[in-house]
Amino acid sequence: MPQSRSAGLLAIYPHITSRDRLLLQLLDDHHVLTTDQIHRILFHARRTCQIRLGELAALDLLDRFRFARDGGGSQPWHWTLGHNGHRFQAAAHQRPEPTLRTSRQTVQRLSANPHLTHLLTTNEFFVQLTAHARHHPAARLDRWWSESLTTKQYRTITADGHGLWSVDDTTVGFFLEADTGTEPLGRVVAKLDRYAQLIRRGGPRYPVLFWLGSHHREEHLHQLLHSRRGDVPVATATHTSDPAEAVWLPVGATGRVRLAELPSDHGQPVADNPNYDDDGDFVL
């Protein structure tokens, strides 16, 4: 009797833990994470992480790639969904089952994506918040949306990511602009026009966080932002800082504050504001 197409996947189910399912969902949402990033958000021991990733790769739930470092050595492993991982996620979300060819092409295109560094930088921001929350019980990352989901939900803007960060009873929403230094700062500042449109439509007035590669670039950005008027709250920090801590410099301020201390307004319960349900209640 011929074996059904799903039989091979069903045989894997007894080997998939709740932590594995969370990892599969993270990679489905955010495409790629390094070994170190996965270790910090899901595991306590690095060796345990490495062993488990190898086991998931052997089941074809995960796939991986890495590049040579300039000057010698190799970059860390970059993990993404394998063919069975794509199949599992397709079944979980009632999507058509991908072919083996489609799954392999997805990995190849991701590995060759010229924006891969930018994607990893964006994910690193949220990884740091998640890792911080693991060691601080009062803190929570309640929402981690990718660029594609943020664009789909808010339409007007094209942020690199969006999140809700809570400490005790305070919840701050934010939009992330992860800067890798490849764009002129004038173009970076121009992105704020779309956030202003969102606010005028009754959308949230969340701070736009520019996460920059150097203090020099941060200083030059503030020089441009200082002369700009608008209702969009903006704060900056650099990649070397813990984004949960007092590292954010609002425009016009002289001191840095914690992420949870930035001003945040969830907006009005209008039809296209995803923060509210049909009854006008705020939802995470």
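Distance alone, capped at 3.5 Å, is enough to place a donor-acceptor pair between the R134 side chain and the F43 backbone. A donor-acceptor pair is defined here as one N or O able to donate and one able to accept, closer than 3.5 Å; such a pair exists between the side chain of R69 and the backbone of S74. Under a 3.5 Å cut-off, the side chain of R256 and the backbone N or O of V247 do form a donor-acceptor pair. In this structure a side-chain-to-backbone donor-acceptor pair under 3.5 Å is present from D277 to D279. With hydrogens and angles disregarded, a donor-acceptor distance shorter than 3.5 Å links the side chain of T80 to the backbone of H31.
With contacts defined as side-chain heavy-atom distances shorter than 4.5 Å, the pair T34/V127 does not qualify. Side-chain atoms of N113 and V32, non-hydrogen and from C-beta on, never get closer than 4.5 Å to each other. Here the side chains of L59 and N84 are not in contact, with every heavy-atom distance at 4.5 Å or above. Between L262 and P233, the closest side-chain pair of non-hydrogen atoms is not below 4.5 Å. No side-chain heavy atom of H118 sits under 4.5 Å from any side-chain heavy atom of T182. Looking only at side-chain heavy atoms (C-beta outward), W248 and F210 stay at 4.5 Å or farther from each other. Between L198 and V232 the shortest side-chain heavy-atom distance does not fall below 4.5 Å. D20 has its side chain within reach of L56: a pair of non-hydrogen atoms, C-beta onward, lies under 4.5 Å apart.
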### Task
Assess whether side-chain hydrogen bond (donor to acceptor under 3.5 Å, both in side chains) is satisfied between D160 and T122, documenting all intermediate values.
CA-CA 7 Å; D160 294 327; T122 299; 4.5 Å; no
### Message
What verdict does the side-chain hydrogen bond (donor to acceptor under 3.5 Å, both in side chains) test give for Q197 and D193, after you've listed the backbone C-alpha separation in whole Å, the side-chain angles of each residue and the deciding distance to 0.1 Å?
### Response
CA-CA 6 Å; Q197 293 175 24; D193 293 336; over 6 Å; no
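Ring centroids of Y195 and Y206 are separated by 6.0 Å or more, keeping the two rings apart. The ring of F174 has its center closer than 6.0 angstrom to the ring center of F125.
In D278, the CG atom is not crowded: 12 or fewer heavy atoms of neighbouring residues, nucleotides or ligands sit closer than 6.0 Å. The 12-atom threshold is exceeded at CZ of R19, counting heavy atoms of other residues, nucleotides or ligands nearer than 6.0 Å. Within 6.0 Å of CG on D70 lie no more than 12 heavy atoms contributed by other residues, nucleotides or ligands. Counting heavy atoms of neighbouring residues, nucleotides and ligands inside a 6.0 Å radius, atom NE2 of H115 does not exceed 12 of them.
Of all non-hydrogen atoms in T121 and W211, the two that sit nearest each other are O-CZ3, 3.4 Å. Of all heavy-atom pairs between P207 and P263, the closest is CD-O, 3.1 Å. Shown here for D29 and S146, the closest heavy-atom pair between the two residues is O-CB, 3.6 Å. Across all their heavy atoms, G280 and P269 have their closest contact at CA-CB, 4.1 Å. Across all their heavy atoms, H162 and L164 have their closest contact at CE1-CD2, 4.4 Å. In terms of heavy-atom proximity, S111 sits nearest to L116 at O-CD2, 4.1 Å.
For the atom pair CZ (F65) and CH2 (W79), the distance works out to 11.5 Å, reported to the nearest 0.5 Å. To the nearest 0.5 Å, atom CZ of residue R40 and atom OG1 of residue T130 are 9.5 Å apart. Atom CG in L129 sits 5.0 Å away from atom CH2 in W165 (nearest 0.5 Å). From E218, atom CD reaches atom CG of L249 across 6.0 Å, with rounding to the nearest 0.5 Å. Between the CD atom in Q268 and the CG atom in N273 there is a gap of 8.5 Å [rounded to 0.5 Å].
Looking at E177 and R194, no side-chain N of the basic residue comes within less than 4.0 Å of a carboxylate O on the acidic one, giving no salt bridge. Look at D179 and K191 and you find no salt bridge, because none of the NZ, NE, NH1 or NH2 atoms lies under 4.0 Å from a carboxylate O. Between R87 and D60 there is no salt bridge, since no side-chain nitrogen of the basic residue lies less than 4.0 Å from a carboxylate oxygen of the acidic one.
Between F282 and Y276, the two ring planes are perpendicular [angle over 60°; tilted spans 30° to 60°]. Using bins of under 30°, 30° to 60° and over 60° for the plane-to-plane angle, the ring pair H136/H132 lands in the parallel bin.
The side-chain contact (heavy atoms from CB on, under 4.5 Å) with Q37 is formed by just one residue from the set Q128, H30, E124; it is E124. Of the residues T236, V188, T238, the one that meets the side-chain contact (heavy atoms from CB on, under 4.5 Å) test with R217 is V188.
Residues H93 and Q25 have side chains that bring a donor and an acceptor to within less than 3.5 angstrom of each other. No side-chain donor-acceptor contact under 3.5 Å links H86 and T106.
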